[in-house]
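The basis for the numbers below is simple: all heavy atoms, side chains too, and nothing from hydrogens, waters or symmetry mates. First the proteins, then the strands, lettered A, B, ... as listed; each starts at 1. On a predicted model such as this, the values are computed, not experimentally measured, just so you know.
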Amino acid sequence: MELIVNGDKIEVPGSVSTVTNLLEHFDIDKKVVIVEVNGDILEKDNHQERKISDGDKIELVHFVGGG
Amino acid sequence: MSVNGRYSRQELFSPIGVEGQQQIMDKHVLVIGAGALGTGSAEALVRAGVGKLTIVDRDYVEWSNLQRQQLYVEADAEERIPKAAAAEKRLKQINSEVVIEAKIMDVSIAEIEDLVIGVDLIMDATDNFDTRMTINDISQKAGIPWIYGACVSSYGISYTVLPGETPCLNCLMETVPMGGMTCDTAGIISPAVQMVVAYQTSEALKILSGDTAAIRRKLVSFDLWRNQHAAINVEKMKKPGCLSCGEKPEYPYLNTDNQTKTAVLCGRDTVQIRPPERQDLNLESTAGLLAKQGGKVVKNDFLLSFTAGEQRLVVFQDGRVLVHGTKDISEARKLYHRYLG
Ligand SMILES: [Zn+2]
């Protein structure tokens, strides 16, 4: 499946079907992440059920603490 | 106009101009943390001619800081000079027209209420979310904008909080990550620091010069190694029920019941222990007491370092102790009580 993540076209395996899967794929599922899918910001509770599909435009920003 | 043309390039930059420069020179900025982000922000703002800058930090300079903490030199690491003191010295050399105030202290609830008096802007240069949430709450309570910034490896993130306008950090994060996530151990390259500093100080100049229309309303992040950039408009995330910025604020992170007396320092194998009350130690006599218990004591004007076998304790004048060589709070407490009663 092809997605546009943070402006870049990327290929993800077919097993990635929800936002949570995608966060696991990028290894940021344990972090606090703000997710925007096709212009809409998701509530954190909806990451698990929110399906993603071919061509979706996704923005991901995860929080870090260092300084 | 500045007499010697010191700020001429900034005045020629039309969004700031002579008037904006005058505004900048009337402002007081509080920089919390004097690590990588704090030294970068402080240097930029002092060069830009801010009226007064207060910089606060709880730690001292080490060799591993020199790769990216731009105000420090080898002698600071050699002599274990507290970061706030070393930063103050260098900042005064850079611009003697700016009032520089340096404070060697841990910033928690009691300190922050006093620190923000008369301050126009708070720059976040901390390394943990406990302090950031305290900054977030005091920003709302006192009506002072603050600019979040953080970085790890080649990644960085920044966001500007304007009380009464934008969502606050509590709205965006909802939960404060504890433990693992607050301590990033993945290393860092200095361009990632500089990029966050650039985002933070650009926003600072907009706020200080009064050009609030130019403020970036988006949460921004980047990865300089992977060549990525992301920006999300988070305006819709402002929550009316937010306990920090909502209709009935309770400022949960200004509640002293939630305050910890010990903290594990990020990536340092170090535990900080705060005495219940701020102290004014006589380092000379403390050094004497420790020397009697065996071990080696080294002292400078601000702190003393005590080494006994594998263990090293650093005692600051305000009574705080850094116990090195452990991340275990109970072990650190044991050592503290063994040597310092
Ligand atoms: Zn809020």
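Residue B:I188 does not touch chain A at all, counting heavy-atom pairs closer than 4.5 Å. Of the atoms belonging to B:N227, it is backbone heavy atoms, and not side-chain ones, that fall under 4.5 Å from chain A. Proximity to chain A is absent for every atom of B:I32, based on heavy atoms less than 4.5 angstrom apart. Heavy atoms closer than 4.5 Å to chain A are found in both the backbone and the side chain of B:A36. If you measure heavy-atom distances from B:R68 to chain A, you find no contacts under 4.5 Å at all. For a residue to count as touching a neighbouring chain, one of its non-hydrogen atoms must lie under 4.5 Å from one of that chain's; by this rule B:Y148 touches chain A with the side chain only. For chain A, the nearby part of B:A231 is the backbone; its heavy atoms alone come within less than 4.5 Å.
Put simply, the side chain of B:Y155 gets close to the backbone of A:H62: a donor and an acceptor are under 3.5 Å apart.
At most 12 heavy atoms of other shown residues, nucleotides or ligands fall within 6.0 angstrom of atom CD in A:Q48. Around CZ of B:R217, the count of heavy atoms belonging to other residues, nucleotides or ligands within 6.0 Å exceeds 12. Counting non-hydrogen atoms of other residues, nucleotides and ligands closer than 6.0 Å to CH2 of B:W225 gives a total of 12 or fewer.
Interface remark: of the candidates B:D124, B:V220, B:L219, B:V234, B:L219 forms the most heavy-atom pairs closer than 4.5 Å to chain A. Considering only heavy-atom pairs separated by less than 4.5 Å from chain A, the leading option among B:H229, B:K236, B:R132, B:Q228 is B:R132.
Taking the six-membered ring where the residue is Trp, A:F63 and B:F129 present perpendicular rings, their angle passing 60° and hence far from 30°.
Atom CD1 of residue A:I34 and atom CD1 of residue B:I157 lie 7.5 Å apart, to the nearest 0.5 angstrom.
Shown here for B:M237 and A:I41, the closest heavy-atom pair between the two residues is SD-CG2, 3.8 Å. Nearest heavy atoms, A:G65 versus B:A150: C-CB, 4.1 Å. Looking at every heavy atom in both residues, A:E43 comes nearest to B:E174 through OE1-OE2, 4.4 Å. Closest approach of B:A230 to A:V61, counting heavy atoms only: CB-CG2, 3.9 Å. When all heavy atoms of A:E36 and B:I232 are compared, the pair lying nearest together is OE2-CG2, 3.6 Å.
Among the residues in residues 6-17 of chain A, those with a non-hydrogen atom closer than 4.5 angstrom to a non-hydrogen atom of chain B are A:N6, A:D8.
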